[in-house]
Structure formats: structure tokens, C-alpha cells
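First the structure, in the form of C-alpha cells, and then the observations on it.
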Amino acid sequence: MMKRIGVLALQGGVDEHINALLNASEKVQAPVQVVEVRTAEDMEGLDGIILPGGESTTISKLMERANLFSPVLQVRKIMGTCAGAILLAKKVEGANLEQRFLSLMDISIDRNAYGSQKESFEAQLDTEFGRISGVFIRAPKITIMGSGHVRPLAFHGEEVVAAYQKSGERHYIALAFHPELTTTKFHEFFIRL
Ligand code: GLN
């Protein structure tokens, strides 16, 4: 059966994720139907959803306005990059009072740990899928909260920059950087889930 994967399309790097998903689907030879999610109706029958980067306060406000929190919470496979990773974390340092979170992953995240837009950078990362180049844009920092079902997927030096949590049927991936800009490896992993 063809998998249906949504990309939350309210703000941020939506097209890059759609392209990465389509390229990844070709590489793993698993057909994927990609759905741009703007309303609760778009969520019907999704096998997974990607929460892109952007600005987490803005994305959370737009999600509230579109009543998307409860349907997204029900999706069993979620991958969040950057702002999306912030939405997934159970603990957020530097959170804005107006922000709401999904709070699904046992990670702690420091929202603007690397500073402003000007401090954005590209770095070589050691990942489960080999060495890749990672782009960090106003990136958050991830700390795993020590629960048994979260493990690191990528490192920048000693720092964890991507984490994967499996609890029962639920699979979550949080990435501090933007894999959609340089690799399809994480999208392939997500499709295989
Ligand atoms: N730090 C930003 C935030 O709080 C996220 C940046 C990004 O997604 N590139 O939303």
C-alpha cells in the first residue's frame, strides 16, 4: 500500500522536505504520496508527518488556529527538523510564553542555543548513515533526557544533533539541523519506519 506522508505546510521549509521525500521514496523504491497539510482534513489517513523548520512560535500559533494540535498528536510517526524538533521536545529552554508544544519526545531542547541567524553554519556530522554535511539555521541544541527509548542518530563532535525515539508503535525523530537541504538519508529512514 502506498504510504501517505504529510508535510506541515503552514510556514518554513516545506518544498525542500517534499523534494527530499520524493527523492528518498525513489531511492528506497517505496511509493509515497506526499500531502501538504494546512487543515485537519488534510491529516486524514496519514502514516506519518514531517514538521519543518521555520519559527516555532509562529508555527505553533498557526497550528492552533487551524486546530491541528490534536490530529498531529495522533500521528504515530513524526519527524521534526529545527522548529519542528522544538515542537516535539518535552522540555524547551528559552520557550516563548505564547508557544504551545506537542511535548512527545524525552529530549530537552535549547531553542536558540546557537544564537541568531548570523550564527548559522554548515558542519560535517557523524550519523547512523555515514558522514554528511548538516546545515544549522538558528538551530536549537538537543539533550537526551535519559529515557531508554531515545537514542542519538547524529553527532556534531560530541553533541547530539539528531535523536530517535521509539515507544511502542510510536516513532519520533528530532533534528537540530536541516537534512532536507543536503541529504535524503533521514527521509529514507523515516519512510522505512
Ligand atoms: N530556533 C528557531 C525557533 O525557535 C528555529 C529555527 C529553524 O527552524 N531554522 O523556532
Side-chain angles (χ1 to χ4, degrees), residues 1-28 30-90 92 99-107 109 111 137 139-140 142 149-150 153-154 162-181 183-193:
M1 259 257 288
M2 204 196 259
K3 297 273 179 260
R4 263 167 85 83
I5 303 185
V7 177
L8 186 67
L10 300 173
Q11 193 241 355
V14 177
D15 292 344
E16 292 80 0
H17 275 293
I18 294 174
N19 291 334
L21 266 177
L22 295 173
N23 291 332
S25 126
E26 239 169 68
K27 287 190 183 157
V28 298
V32 165
Q33 187 191 0
V34 180
V35 182
E36 289 185 35
V37 173
R38 293 191 183 83
T39 66
E41 289 78 66
D42 300 330
M43 296 286 306
E44 267 165 46
L46 289 189
D47 297 294
I49 186 164
I50 292 180
L51 312 175
E55 207 288 310
S56 54
T57 311
T58 308
I59 293 180
S60 94
K61 281 187 187 164
L62 294 172
M63 278 178 73
E64 265 193 311
R65 199 178 298 165
N67 286 318
L68 281 171
F69 268 92
S70 89
V72 171
L73 281 166
Q74 277 154 42
V75 180
R76 292 199 302 217
K77 285 150 195 174
I78 307 179
M79 176 159 93
T81 59
C82 210
I86 296 170
L87 288 168
L88 284 173
K90 282 199 182 155
V92 180
Q99 291 187 276
R100 222 182 120 185
F101 305 101
L102 295 161
S103 305
L104 291 167
M105 284 185 78
D106 292 331
I107 57 172
I109 206 157
R111 211 181 123 221
I137 306 167
I142 298 177
H149 47 242
V150 187
L153 280 185
Y164 167 51
Q165 173 171 325
K166 178 179 185 311
S167 8
E169 298 278 280
R170 294 184 164 261
H171 301 257
Y172 305 124
I173 305 166
L175 302 108
F177 59 101
H178 289 268
E180 73 280 9
L181 298 178
T183 177
T184 57
K185 292 291 180 198
F186 292 88
H187 295 77
E188 291 171 39
F189 178 72
F190 190 57
I191 291 172
R192 283 205 218 91
L193 291 178

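- Here the closest non-hydrogen pair linking L46 and I5 is CD2-C, 4.2 Å.
- Residue S56 comes nearest to A83 through the heavy atom pair N-CB, 3.7 Å, listed as atom of the first residue, atom of the second, then distance.
- Closest of all the heavy-atom pairs between P52 and G13 is CB-O, 3.8 Å.
- In the displayed structure, R76 atom CZ is contacted under 6.0 Å by at most 12 heavy atoms of other residues, nucleotides or ligands.
- Below 30°, between 30° and 60°, or above 60°: for H187 and H17 the angle between ring planes is between 30° and 60°, a tilted geometry.
- Rounded to the nearest 0.5 angstrom, I109 CD1 and F101 CZ are separated by 10.0 Å.
- Under the 3.5 Å distance criterion, the side-chain polar atoms of Q11 are matched with a main-chain donor or acceptor of E55.
- Annotation: side-chain contact (heavy atoms from CB on, under 4.5 Å) contacts of D47 (sequence neighbours excluded): K3, R4.
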(Q) Show, in sequence, the C-alpha distance, side-chain angles and deciding distance for V72 and L102, and conclude whether the side chain to side chain contact (heavy atoms under 4.5 Å, CB included) test is met. (A) CA-CA 8 Å; V72 171; L102 295 161; 3.9 Å; yes

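- No side-chain donor-acceptor contact under 3.5 Å links T81 to the backbone of H178.
- For M79 against F186, the heavy-atom pair with the smallest separation is SD-O, 3.9 Å.
- With hydrogens and angles ignored, the 3.5 Å screen pairs no side-chain donor or acceptor of Q165 with any backbone N or O of I107.
- Around CD of E26, the count of heavy atoms belonging to other residues, nucleotides or ligands within 6.0 Å does not exceed 12.
- To the nearest 0.5 Å, atoms CD (E64) and CZ (F69) are separated by 5.5 Å.
- None of V7, D42, I18, L8 except one satisfies the side-chain contact (heavy atoms from CB on, under 4.5 Å) rule with E36; the exception is I18.
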TODO: Decide side chain to side chain contact (heavy atoms under 4.5 Å, CB included) for I78 and L87; before the verdict, give the C-alpha distance in whole Å, the side-chain angles of both, and the deciding distance to 0.1 Å.
DONE: CA-CA 11 Å; I78 307 179; L87 288 168; over 6 Å; no

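- The backbone N or O of T184 sits nowhere less than 3.5 Å from a side-chain atom of K27 that would complete a donor-acceptor pair.
- Going from atom CD1 of I50 over to atom CG of L21 covers 4.0 Å, rounded to the nearest 0.5 Å.
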### Steps toward side chain to side chain contact (heavy atoms under 4.5 Å, CB included) verdict (T57, R111)
CA-CA 11 Å; T57 311; R111 211 181 123 221; 3.6 Å; yes

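- Across all their heavy atoms, L88 and G80 have their closest contact at CD1-N, 3.6 Å.
- Formation of a donor-acceptor pair under 3.5 Å by the S60 side chain with backbone atoms of R100 is found in this model.
- To the nearest 0.5 angstrom, Q33 atom CD is 11.0 Å from L22 atom CG.
- Atom NE2 of residue H171 and atom NE2 of residue H149 lie 12.0 Å apart, to the nearest 0.5 angstrom.
- Contact record, V75 with M43: CG2-CE, 3.5 Å, taken as the closest heavy-atom pair.
- Once rounded to the nearest 0.5 Å, the distance linking CG of L68 with CZ of R38 reads 11.0 Å.
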